[in-house]
Amino acid sequence: MIVGIIGQGYVGLTITTFAAEFFEVIGFDNNQRIVDQLNSGISHIEGVQSSVLQKWIKAGRYKATTSGSDIADVDLVVIAVPTPLSKDRQPDLTYIDAACKTIGENIKKPVLVINESTSFPGTLRNYIKPAVERYSKVPIENLYAISPERVDPGRTDYNQKNTPRLYAGLTAEASEKTRDFYSRFCDKLLEVSSPEVAEAAKLFENTFRQVNIALVNEFAQITNALGISVYETLDAANTKPYGFMKFTPSAGVGGHCIPVDPTYLAAIAEQHGAPATFIRRANDVNLEMSKYVVDRVEADNGGTVEGKSVLVVGVAYKPNVADVRETAAELVIKHLRQRGAVVSWHDDVVGTWHGESSAPLFGADIAIVVTKHDSVKDEEVIASAPYVFDTTGSLKDARGL
Ligand SMILES: NC(=O)c1ccc[n+]([C@@H]2O[C@H](COP(=O)([O-])OP(=O)(O)OC[C@H]3O[C@@H](n4cnc5c(N)ncnc54)[C@H](O)[C@@H]3O)[C@@H](O)[C@H]2O)c1
């Protein structure tokens with residue numbers, strides 16, 4: 001069986017390396033630089049080892065391509081392209097549409113199309129299937145299924161193999177074939193009654209996190225106003241053996257999932273006349289944390305950061321990854337610059353970002369820690385400025401949330 005995977009990013013490349021153990025895999029990506037890099041055996045994704053990629057290339061089991069015609073003979077195709085928000089923060093399915101175009105225009109025999117990109121309930125049935133059929137020049141009856149990806153980049157305890165996978169096909173045959181595919185490399189598969197349930201479950205998982213993070217971010221503001229430690233209070237609450245799950249405060253949420261997926265759920269809810277008030281408010285609370293952080297820093301520094309050199313430590317959205325999508329650091333930097341601070345940032349995992357390079361970890365008036373990678377030493381952060389504000393709760397001798 002030949003498998004085509006559309007999108008060779010975090011999700012697509014991860015699934016590629018697992019699938020290549022059993023199938024020949026064609027990785028289609030429209031970014032030539034990524035494709036060239038992958039074909040030379042270099043992974044651009046943390047968690048996907050270059051050596052594994054090289055093994056599959058050498059065995060003739062993997063090749064990356066920008067050419068749609070290379071997927072003409074696949075038997076199964078997985079969609080793993082971005083599903084971001086548009087400028088007005090609405091679901092943006094243009095990448096999905098482009099992936100459907102690639103499939104529709106190039107597939108010459110019926111295939112199983114599995115969507116792994118996160119989107120709102122109804123995307124497979126009402127959007128992907130009609131789009132593939134619209135672009136197809138020959139009337140072929142493809143099968144369609146959804147299996148939302150739950151990968152957490154950088155995580156080592158849970159991976160493709162031991163993370164239970166939800167799936168559902170539009171037909172029983174699609175479900176069965178989807179199960180056959182994933183059962184090769186996933187220990188636990190759970191079929192749900194419709195693609196819409198699988199799509200909604202994925203959105204709810206991330207909405208649950210978004211709302212709880214917002215709650216703890218609001219709680220951090222309450223504990224600060226009360227003059228008590230948010231961390232000590234959370235640790236105390238966490239001694240309850242049931243009915244409590246600890247989340248920790250931060251400068252906001254980042255990455256592709258938590259700041260984005262709940263908005264997909266809110267959008268489809270409102271389209272159907274259902275309320276999404278928690279989701280909308282949680283999103284606002286998380287976005288406002290960056291301003292709160294800068295307010296706190298100003299309050300500790302004579303009421304202003306104007307003219308002061310401020311080093312933002314860690315601009316990736318979470319530790320030990322280079323991913324800066326929707327990072328809270330972006331808003332922290334924006335507020336600092338609007339208030340006249342001279343801002344640089346240090347993050348050697350990210351390296352360069354927005355045309356700027358990672359600055360040395362010393363010599364600032366103020367340091368604000370947004371993300372702390374394991375490679376960054378606590379003592380060096382503390383020594384980087386006379387005043388350090390830590391939003392991660394990991395530095396003993398710093399001011400913090
Ligand atoms: N990153 C995660 O942790 C994660 C986890 C679960 C689900 N998801 C979801 O999976 C989907 C993909 O996310 P990702 O993190 O892998 O994104 P990514 O940005 O890492 O990778 C997407 C890849 O798709 C390519 N691409 C864009 N348009 C294309 C097109 N028309 N044809 C072919 N390739 C195209 C890009 O060049 C890129 O390499 C999203 O819907 C996301 O919400 C992501």
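FYI, side chains are in, hydrogens and waters are out, and symmetry mates aren't considered; it's all heavy atoms of this structure.
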Handout entry: Check: Ser394/Thr392 side-chain N/O donor and acceptor closer than 3.5 Å
Key = yes

Problem - Residues in ring pair (Phe, Tyr, Trp, His ring centres under 6.0 Å) contact with Tyr317, at least two apart in sequence or another chain - result: none

Completion exercise
Which of Thr391, Ile213, Leu234 passes side-chain contact (heavy atoms from CB on, under 4.5 Å) with Pro249? It is Leu234

Handout entry: Lys/Arg N to Asp/Glu carboxylate O, Arg209 vs Asp261, below 4.0 Å
Key = no

Handout entry: Cation over ring face, Arg165 and Tyr182, 6.0 Å, 45°
Key = yes

Handout entry: Partners meeting side chain to side chain contact (heavy atoms under 4.5 Å, CB included) with Pro262 (sequence neighbours left out)
Key = Thr207, Gln210, Ile279

Handout entry: side chain to side chain contact (heavy atoms under 4.5 Å, CB included) evaluation trace for Thr66 with Asp29
Key = CA-CA 5 Å; Thr66 53; Asp29 200 291; 5.8 Å; no

Practice task
With sequence neighbours excluded, tell me which residues meet ring pair (Phe, Tyr, Trp, His ring centres under 6.0 Å) with Phe23.
Solution key: Phe181

Problem - Other residues, nucleotides, ligands: >12 heavy atoms within 6.0 Å of Lys246 NZ - result: yes

Exercise for the section: Report the C-alpha separation of Arg280 and Phe278 in whole Å, then their side-chain angles, then the decisive distance to 0.1 Å, and conclude whether the side chain to side chain contact (heavy atoms under 4.5 Å, CB included) test is met. Expected result: CA-CA 6 Å; Arg280 294 292 188 198; Phe278 263 128; over 6 Å; no

Handout entry: Within 6.0 angstrom of Tyr158 OH, more than 12 heavy atoms from elsewhere
Key = no

Handout entry: Salt bridge Asp152-Lys318, side-chain N to carboxylate O under 4.0 Å
Key = yes

Exercise for the section: Check Ile107 against Val138 and note the closest heavy-atom contact, atom names and distance. Expected result: O-CG2, 4.4 Å

Problem - Single hit among Ile5, Leu112, Val111 for side-chain contact (heavy atoms from CB on, under 4.5 Å) with Leu76 - result: Leu112

Practice task
Write down the atom of Ile146, the atom of Asn115, and the distance for their closest heavy-atom approach.
Solution key: CD1-O, 3.2 Å

Handout entry: For Val260, side chain to side chain contact (heavy atoms under 4.5 Å, CB included) partners two or more places apart
Key = Leu85, Tyr264, Glu326

Exercise for the section: Not counting sequence neighbours, which residues clear ring pair (Phe, Tyr, Trp, His ring centres under 6.0 Å) with Trp353? List them please. Expected result: Trp345

Problem - Side chain proximity check, Glu24 to Tyr62, heavy atoms < 4.5 angstrom - result: no

Problem - Enclosure of Phe185 CZ (heavy-atom neighbours >12, cutoff 6.0 Å) - result: yes

Practice task
Grab the two heavy atoms, one from Cys100 and one from Ala131, that are nearest each other, plus how far apart they are.
Solution key: CB-CB, 3.7 Å

Exercise for the section: Please name the pair of heavy atoms, one in His373 and one in Val321, separated by the smallest distance, quoted to 0.1 Å. Expected result: CE1-O, 3.4 Å

Handout entry: Glu196 with Arg125: basic N within carboxylate O range, under 4.0 Å
Key = yes

Practice task
State, without any angle test, whether Glu149 and Gln160 hold a side-chain donor-acceptor pair at a distance under 3.5 Å.
Solution key: yes

Practice task
Compare all side-chain heavy atoms of Thr239 with those of Phe244 and state whether any distance is below 4.5 angstrom.
Solution key: no

Problem - Minimum heavy-atom distance between Ala359 and His346, given as atom pair plus value - result: O-ND1, 2.7 Å

Exercise for the section: For the residue pair Ser86 and Asp92, confirm or rule out a side-chain donor-acceptor distance under 3.5 Å. Expected result: no

Exercise for the section: Would you tell me whether Gln32 and Asp36 have side-chain atoms, one donor and one acceptor, within less than 3.5 Å of each other? Expected result: yes

Problem - Results of salt bridge (charged side-chain N to carboxylate O under 4.0 Å, His left out) for Arg339 - residues two or more places apart only - result: Asp295, Glu298

Exercise for the section: Applying side-chain contact (heavy atoms from CB on, under 4.5 Å) between Lys372 and each of Asp390, Asn320, Val313, Leu395, report the one that passes. Expected result: Leu395

Exercise for the section: Taking the side chain as every heavy atom from C-beta outward, state whether Asn224 and Leu226 have any atom pair closer than 4.5 Å. Expected result: no

Practice task
Give a yes or no on whether the backbone of Val315 and the side-chain of Thr371 come within a donor-acceptor separation of less than 3.5 Å.
Solution key: no

Practice task
Please check if any side-chain donor atom of Ser358 sits under 3.5 Å from a side-chain acceptor atom of Asp348, or the reverse.
Solution key: yes

Practice task
Would you mind checking if Lys108 and Asp73 are paired as a salt bridge, meaning a charged N to carboxylate O distance below 4.0 Å?
Solution key: no

Practice task
Run the salt-bridge test on Glu173 and Lys177 with the 4.0 Å N-O cut-off and return the result as yes or no.
Solution key: yes

Exercise for the section: Kindly indicate whether the side chain of Leu93, heavy atoms from C-beta on, has any atom under 4.5 Å from the side chain of Ser119. Expected result: yes

Exercise for the section: Give a yes or no on this: more than 12 heavy atoms of other residues, nucleotides or ligands lie within 6.0 Å of atom NE2 of His354. Expected result: yes

Handout entry: Test item: side-chain donor near acceptor, Tyr387 and Asp300, under 3.5 Å
Key = yes

